[in-house]
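This report refers to the structure that appears directly beneath it.
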Amino acid sequence: MTNGERADRLFAEAQAVAEELSGALARGRWNLAARRAQEVVELVVKALLNEMGTEYPRVHDVVPTFADTVRQRGLDVDSAFLDWLHGFSSRLSEIRGPAFYHEIGVAEAEARAAVDGAARVLAFGLDFVARLRAR
């Protein structure tokens, strides 16, 4: 399997998980929505790293690796977006397990923000991979 094929599979998984988010919100499953939002972010960023042929650690938050790769290669990604993505992914990675096992309670506002952020990351990822492939 090529890097591009693996990236496409990861994007397909991210899109499938993203489709589950509206149902979690509709049912008031705030913890599940936050967990699924984290999965979308992780899948998208790992897809981009695969597309770029970059090995990444087997952890949930690979945004630092992505940011380093983007900077090293001189790729055009807004630094404010990278800063936001780093904080967003870090927070979701921190709460993913405790939220999933109901060791913490995710408030509705945080769940909705997580879902909105995941949609933003997915849109960015699809745009960015298209730009990479057009090069």
Side-chain angles (χ1 to χ4, degrees):
M1 176 181 318
T2 68
N3 289 337
E5 290 168 338
R6 180 162 309 194
D8 288 343
R9 287 185 181 192
L10 290 169
F11 272 119
E13 290 293 317
Q15 289 172 314
V17 174
E19 290 172 8
E20 297 173 8
L21 289 175
S22 61
L25 287 179
R27 293 186 309 277
R29 312 299 289 178
W30 315 133
N31 282 34
L32 183 60
R35 167 68 178 235
R36 294 294 183 254
Q38 185 281 325
E39 291 171 356
V40 169
V41 173
E42 180 179 344
L43 288 164
V44 167
V45 177
K46 286 181 176 179
L48 293 173
L49 288 167
N50 268 288
E51 181 69 27
M52 293 185 288
T54 302
E55 285 293 319
Y56 50 84
R58 299 302 188 247
V59 297
H60 298 295
D61 183 8
V62 293
V63 170
T65 302
F66 175 72
D68 288 345
T69 301
V70 164
R71 288 182 185 115
Q72 288 170 1
R73 296 186 184 186
L75 299 172
D76 183 28
V77 177
D78 180 66
S79 62
F81 176 80
L82 280 178
D83 289 345
W84 170 83
L85 179 60
H86 177 71
F88 181 65
S89 179
S90 177
R91 171 66 181 151
L92 289 180
S93 294
E94 176 185 311
I95 68 168
R96 72 184 297 281
F100 189 68
Y101 296 108
H102 291 272
E103 295 165 1
I104 63 169
V106 176
E108 179 180 357
E110 185 171 16
R112 290 188 183 281
V115 170
D116 290 345
R120 181 179 180 194
V121 173
L122 182 57
F124 163 80
L126 293 170
D127 176 68
F128 191 69
V129 77
R131 289 190 289 140
L132 288 172
R133 291 177 177 176
R135 296 176 76 202

With sequence neighbours excluded, give me every ring-ring contact (aromatic ring centres under 6.0 Å, His included) pair touching residues 37-58. none

State which residues pass side-chain contact (heavy atoms from CB on, under 4.5 Å) with R133; sequence neighbours excluded, sorted by chain then number. A7, D8, E51, V129

Are I95 and Y101 in one and the same hydrophobic cluster, where Ile, Leu, Val, Met, Phe, Trp and Tyr link if side-chain heavy atoms are under 4.5 Å apart? no

Exercise: identify the closest heavy-atom pair between V62 and P57: CG1-O, 3.6 Å

Hey, any chance F100 and V17 share a hydrophobic cluster, counting ILVMFWY side chains that come within less than 4.5 Å of each other, even indirectly? no

Residues V40 and A14: closest non-hydrogen pair is CG2-O, 3.7 Å

Do V45 and M52 share a hydrophobic cluster (ILVMFWY, side-chain heavy atoms under 4.5 Å, transitive)? yes

From S89 atom OG to L82 atom CG, the distance as rounded to the nearest 0.5 Å: 11.5 Å

Within residues 10-25 or reaching into it, pairs that qualify as side-chain hydrogen bond (donor to acceptor under 3.5 Å, both in side chains) - sequence neighbours excluded: E20-R36

Check residues 112-127 and write down every donor-acceptor pair under 3.5 Å in which the side-chain atom is one partner and the other belongs to a residue at least two apart or another chain.
{"residue": "R112", "atom": "NE", "partner": "E108", "partner atom": "OE2", "Å": "2.9"}
{"residue": "R112", "atom": "NH2", "partner": "E108", "partner atom": "OE2", "Å": "3.2"}
{"residue": "D127", "atom": "OD2", "partner": "R131", "partner atom": "NE", "Å": "3.2"}

Nearest heavy-atom pair of R135 and L75: which atoms, and what distance? NH1-CD2, 3.0 Å

Going by the rule side-chain contact (heavy atoms from CB on, under 4.5 Å), which residues pair with A111 if we only count those two or more places apart in sequence or in a different chain? L25, W30, A33, V106

Quick one, R9 with M1, criterion side-chain contact (heavy atoms from CB on, under 4.5 Å). Give me CA distance, side-chain angles, the key distance, then yes/no. CA-CA 10 Å; R9 287 185 181 192; M1 176 181 318; 3.0 Å; yes

Residue pairs passing the salt bridge (Lys or Arg N to Asp or Glu O under 4.0 Å) test where at least one lies in residues 41-50, sequence neighbours excluded: E42-K46

Can you tell me which residue pairs pass the salt bridge (Lys or Arg N to Asp or Glu O under 4.0 Å) test with a partner in residues 87-103, sequence neighbours excluded? R91-E94, R91-E110

With side-chain hydrogen bond (donor to acceptor under 3.5 Å, both in side chains) as the rule and sequence neighbours excluded, what pairs involving residues 65-83 come up? T54-R73

Counting only N and O atoms by type, is there a donor-acceptor contact under 3.5 Å from the side chain of N31 to the main-chain atoms of I104? yes

Does any non-hydrogen side-chain atom of F88 lie less than 4.5 Å from one of D61? no

